[in-house]
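Reviewing the structure listed below.
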Amino acid sequence: MTQKQKRAMAVHDISCFGRCSLTVALPILSAAGIETAVIPTAVLSTHTGGFTGFTYRDLTDDILPVVKHWRSLGLSFDAIYTGFLGSFAQIDIVSEIFDLWREEEALLVVDPVMADDGKLYSIFPENFPAGMRRLCAVADVIVPNLTEAALLLNIPYNPGPFTREEIESLLHRLSALGPKRVVLTGVTRTEGPDMLGAASFDARNGEVAFSGLRRIDPMYHGTGDVFASALTAALLHGRSLAVASEAAVRFTVDSLKRTKLAGTDIRFGVNFEEGLTGLRSLIGAGN
Ligand code: PXL
């Protein structure tokens, strides 16, 4: 029997070409059976990673009117999932959105998209991590990569590999910023340096977990969004953080494998589309 369908709000930009943000989040959440309302925060011709000359239409002024209209309709959400945000103003608006729906127990998922490979994305000012830190503090779940984690914690970037103790320390310190659940992506461990994956910590029960699969190089764009979208879908289907994280690693790595096999330009994003039919069973949501 179908249980009551879950409803999510996805707050990201639309990068019209180069699979990431909303062009990834919407199909993944939808394929997982989740009704997904979207708030596009900006429209770009492409994402900003590796392309030059992209267009950028900022939609900051439209966000609160959309939200107010939805409030007037009495809409409720089981999750609010945010990723790339283009400015401090957008971070503040997302905090306001969280305040509006927090008491209705919406799961607040923040992917603090701002950096990779040891570097803050060039479009962001140097103090941007402080804004993301404030947003992470009021989230339930955060999904930083190692670079974003270092910026959130204000520590030097270390690509690893890490011992179990080092990973636990990072997870605990990230959770101490506010969120009860942390999933750290792009992690390699000293005990298996050819495996790449995600480490998770749920402060509600103290559970720490790692799931990794054989590393695939090079780094393809948009994989963080594929991972966080699959993770959010699995959490909405009632999976534990560790199980959701494992399923999201599998979904992301399968997408990477298909993309590498096809020899696709790394800026174009990964072939997650051909994994969508298997997503529901992967996250334990039935067929
Ligand atoms: O995948 C994250 C992302 C989303 N949206 C835009 C981006 C990026 C990463 O660079 O530039 C516009």
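Excluded from the calculations below are hydrogen atoms, water molecules and symmetry mates; all remaining heavy atoms, backbone and side chain alike, are included.
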Sub-3.5 Å donor-acceptor pair from the side chain of [X] to the main-chain atoms of [Y], do we have one?
X      : Y      : answer
Gln5   : Gly33  : yes
Ser45  : Thr55  : yes
Thr259 : Asn271 : yes
Arg189 : Phe162 : no
Arg7   : Asp78  : no
Thr252 : Ala248 : yes
Ser240 : Val243 : yes
Glu148 : Met114 : yes
Arg280 : Ala32  : yes
Arg181 : Ala139 : no

Cluster check Ile63, Val138: I/L/V/M/F/W/Y, side chain < 4.5 angstrom: yes
Taking [atom1] in [X] as the centre, count heavy atoms belonging to other residues, nucleotides or ligands within less than 6.0 Å. Is the count above 12?
X      : atom1 : result
Arg214 : CZ    : no
Arg57  : CZ    : no
Glu126 : CD    : no
Glu273 : CD    : yes
Glu168 : CD    : yes

Aromatic ring pairing Phe17/Phe268, orientation class (parallel under 30°, perpendicular over 60°, tilted between): perpendicular
Donor on one side chain, acceptor on other, Ser76 and Glu104, under 3.5 Å: no
From CA spacing to verdict: ring pair (Phe, Tyr, Trp, His ring centres under 6.0 Å), Tyr121, Phe128: CA-CA 10 Å; Tyr121 293 142; Phe128 198 71; 10.0 Å; no
Nearest atoms (heavy-atom pairs only) where [X] meets [Y]:
X      : Y      : value
Leu146 : Pro159 : CD1-O, 3.7 Å
Pro40  : Leu22  : CA-CD1, 4.0 Å
His12  : Ser21  : CB-CB, 3.8 Å
Thr264 : Gly269 : CG2-O, 4.4 Å
Asp140 : Ala106 : OD2-O, 3.5 Å
Pro179 : Leu174 : CD-O, 3.6 Å

Intermediate values then yes/no, side chain to side chain contact (heavy atoms under 4.5 Å, CB included), Leu241 and Val183: CA-CA 8 Å; Leu241 194 66; Val183 181; 3.6 Å; yes
Using side-chain heavy atoms (C-beta onward) and a distance below 4.5 Å, is [X] in contact with [Y]?
X      : Y      : result
Leu235 : Tyr81  : no
Val43  : Asp13  : no
Leu170 : Arg173 : yes
Leu64  : Glu96  : yes

Charged N-O contact under 4.0 Å between Asp92 and Arg134: yes
Ion pair Asp254/Arg250, N-O distance below 4.0 Å: yes
The single option from Val109, Leu231, Ile283, Ile34 passing side chain to side chain contact (heavy atoms under 4.5 Å, CB included) against Leu236: Ile34
Sequence neighbours excluded, every pair satisfying ring-ring contact (aromatic ring centres under 6.0 Å, His included) that has a member inside residues 180-229: His47-His221, His172-Phe201
Intermediate values then yes/no, side chain to side chain contact (heavy atoms under 4.5 Å, CB included), Cys16 and Leu44: CA-CA 6 Å; Cys16 297; Leu44 296 80; over 6 Å; no
